[in-house]
Number of protein chains: 2
Amino acid sequence: MSAHVFIAEDEASIISLLKYNLEKEGYKVSHSENGEDALKQIKSKQPDLILMDWMLPELSGVEICKNLKKDNKFNDIPVIMLTAKGEEEDKLKAFDTGADDYVTKPFSQKELNARIKSLLRRSKPQSSSDIVEFTDLKIDRITKRVYRKDKEITLGPTEFKLLDFFIKNPKRVYSREQLLNNVWGEDIYVESRTVDVHIRRLRQAINIQNTKPLIRTVRSAGYSLES
Amino acid sequence: MSAHVFIAEDEASIISLLKYNLEKEGYKVSHSENGEDALKQIKSKQPDLILMDWMLPELSGVEICKNLKKDNKFNDIPVIMLTAKGEEEDKLKAFDTGADDYVTKPFSQKELNARIKSLLRRSKPQSSSDIVEFTDLKIDRITKRVYRKDKEITLGPTEFKLLDFFIKNPKRVYSREQLLNNVWGEDIYVESRTVDVHIRRLRQAINIQNTKPLIRTVRSAGYSLES
DNA sequence: CCCCCTTTTTAATCATTTGTTAACTGAGGA
DNA sequence: TCCTCAGTTAACAAATGATTAAAAAGGGGG
């Protein structure tokens with residue numbers, strides 16, 4: 001899944017240059033040429049990184065930045081300021097408003113790419129480290145939510161743990177015994193038929209709109225998660 | 001609590017310059033003049049940020065950086081590379097090894113400070129601003145006031161701390177245990193059911209004029225703040 | 001020292017989940 | 001083809017966990 005870079009810049013020539021280069025790098029790119037609109041778009045689209053011109057019509061880059069950094073929902077989005085003058089004072093002001101980096105125009109595309117890569121690397125892992133995906137299934141261990149085809153699915157605690165366990169080793173077949181030990185716990189005794197019941201409930205829950213059934217039964221062996 | 005900056009640099013004059021300036025900024029500073037020793041010290045001291053010379057005796061800065069970025073325990077420590085030549089190739093290589101920023105010698109102390117501040121801000125999530133917003137909720141840590149939809153809400157001290165904690169990591173699910181540790185304090189023992197009661201009061205307080213309930217219950221896991 | 005406010009505990013109630021049972025289904029070997 | 005065995009399914013009772021209200025316990029400030 002590629003990162004989404006948002007450009008807030010009013011010079012058309014720079015926009016197209018940036019867009020061309022960033023898309024070549026594999027990023028999803030969108031932009032706005034006006035401060036007020038930029039802020040609105042950023043809040044709705046929640047990009048992974050923002051390239052922002054220092055000066056913008058309607059609402060300056062500084063203002064947008066301050067605004068974003070106030071809101072918990074957006075203050076994690078890294079901002080790179082594009083500043084025309086290479087003056088020290090401006091750089092410092094940029095950092096003060098909460099920008100994470102700045103680049104002075106004219107800038108080297110290679111260096112900009114490197115800085116973007118660095119900031120993305122820095123912000124991605126903490127937020128996504130506990131999100132695991134398997135085909136069209138996504139499970140978030142932090143928020144305890146499960147999605148299939150981007151639609152949320154609600155599971156009971158046991159079904160959640162069961163799926164969580166399966167997704168750690170997709171395609172591997174587990175016996176009821178193993179499932180009991182790993183999902184229920186070593187020392188808890190329940191009937192092995194109980195596993196069947198929970199498998200069924202899990203199947204029902206993740207079986208949204210005639211998609212492939214993801215859980216395979218292996219006769220006289222156990223179950224596995226399949227693509 | 002001030003941040004701890006580690007300097008890996010072999011030129012004595014630069015070390016003393018940096019040390020003087022950084023300590024004036026209020027950082028705790030330590031250093032090493034040799035690569036191998038630097039790596040050892042970093043691993044034992046776990047500084048909050050590293051200033052690293054590109055070239056170092058025994059083990060080059062690049063090597064140290066690669067080594068750190070491999071290890072989960074240390075790859076979150078931001079690294080600023082100090083490079084002698086201002087050549088493009090070096091900058092790019094620095095980023096490739098996992099450095100988070102670079103500064104070319106001779107450098108402006110003011111700019112270096114700004115960059116340090118920026119990186120530290122990024123890695124220390126808690127050091128956020130005094131006014132935080134989350135959707136239509138606003139909390140002012142200075143005046144200890146809370147607003148929903150711009151209408152003021154009155155909370156008891158515990159409810160305030162609870163909400164303040166939740167808003168630092170929205171959507172994340174916290175167990176009662178975690179809430180007790182973070183809101184009440186590590187060594188205070190109260191029944192975990194007590195959390196429920198405060199959750200309830202917080203819910204009641206922020207539930208103004210049929211708006212969405214912002215606190216989600218995750219059965220057998222805990223609670224989270226949702227949009 | 002007492003009053004008021006907040007916090008904590010307790011316990012009843014409510015809601016959801018879980019495990020069990022037993023009947024049913026279907027695959028595959030004799 | 002039929003029989004058997006393993007897996008599926010539905011229904012239900014028990015247990016687990018969350019909500020709620022109300023009482024008890026603290027803890028300053030007047």
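Within every chain, numbering begins at 1; the chains are lettered A, B, ... in the order of the sequence lines, protein sequences first and strands thereafter.
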Positive for side chain to side chain donor-acceptor pair (under 3.5 Å) with Tyr223(A), one of Arg216(A), Arg176(A), Arg172(A): Arg176(A)

From [atom1] ([X]) to [atom2] ([Y]), nearest 0.5 Å:
X         : Y         : atom1 : atom2 : value
Asp164(B) : Ile139(B) : CG    : CD1   : 4.0 Å
Ile199(B) : Phe166(B) : CD1   : CZ    : 4.0 Å
Leu202(A) : Asn207(A) : CG    : CG    : 10.5 Å
Asp196(B) : Leu179(B) : CG    : CG    : 10.0 Å

5' priority, DNA chain D, between Gly222(B) and Arg200(B) [closest heavy atom]: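 In this pair, the answer is Gly222(B).
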
N/O (side chain, Arg176(A)) to phosphate O (OP1/OP2, dG7(D)) under 4.0 Å: yes

N or O in side chain of Thr217(A) less than 4.0 angstrom from dT8(D) OP1/OP2: yes

Sugar-phosphate, base or nothing in reach of Tyr223(B), heavy atoms under 4.0 Å: sugar-phosphate

Take the protein atom [atom1] of [X] and the nucleotide atom [atom2] of [N], then report the distance between them rounded to whole Å.
X         : N       : atom1 : atom2 : value
Leu202(A) : dT8(D)  : CG    : P     : 12 Å
Arg216(A) : dT8(D)  : CZ    : P     : 12 Å
Gln204(A) : dT9(D)  : CD    : P     : 7 Å
Asp196(B) : dT13(C) : CG    : P     : 18 Å
Ile215(A) : dT9(D)  : CD1   : P     : 12 Å

B/S/- contact track for nucleotides 14-30 of chain C, protein heavy atom under 4.0 Å: -BBSBBB-----BB---

Short side-chain to backbone donor-acceptor contact, Arg203(B) and Ile215(B), under 3.5 Å: yes

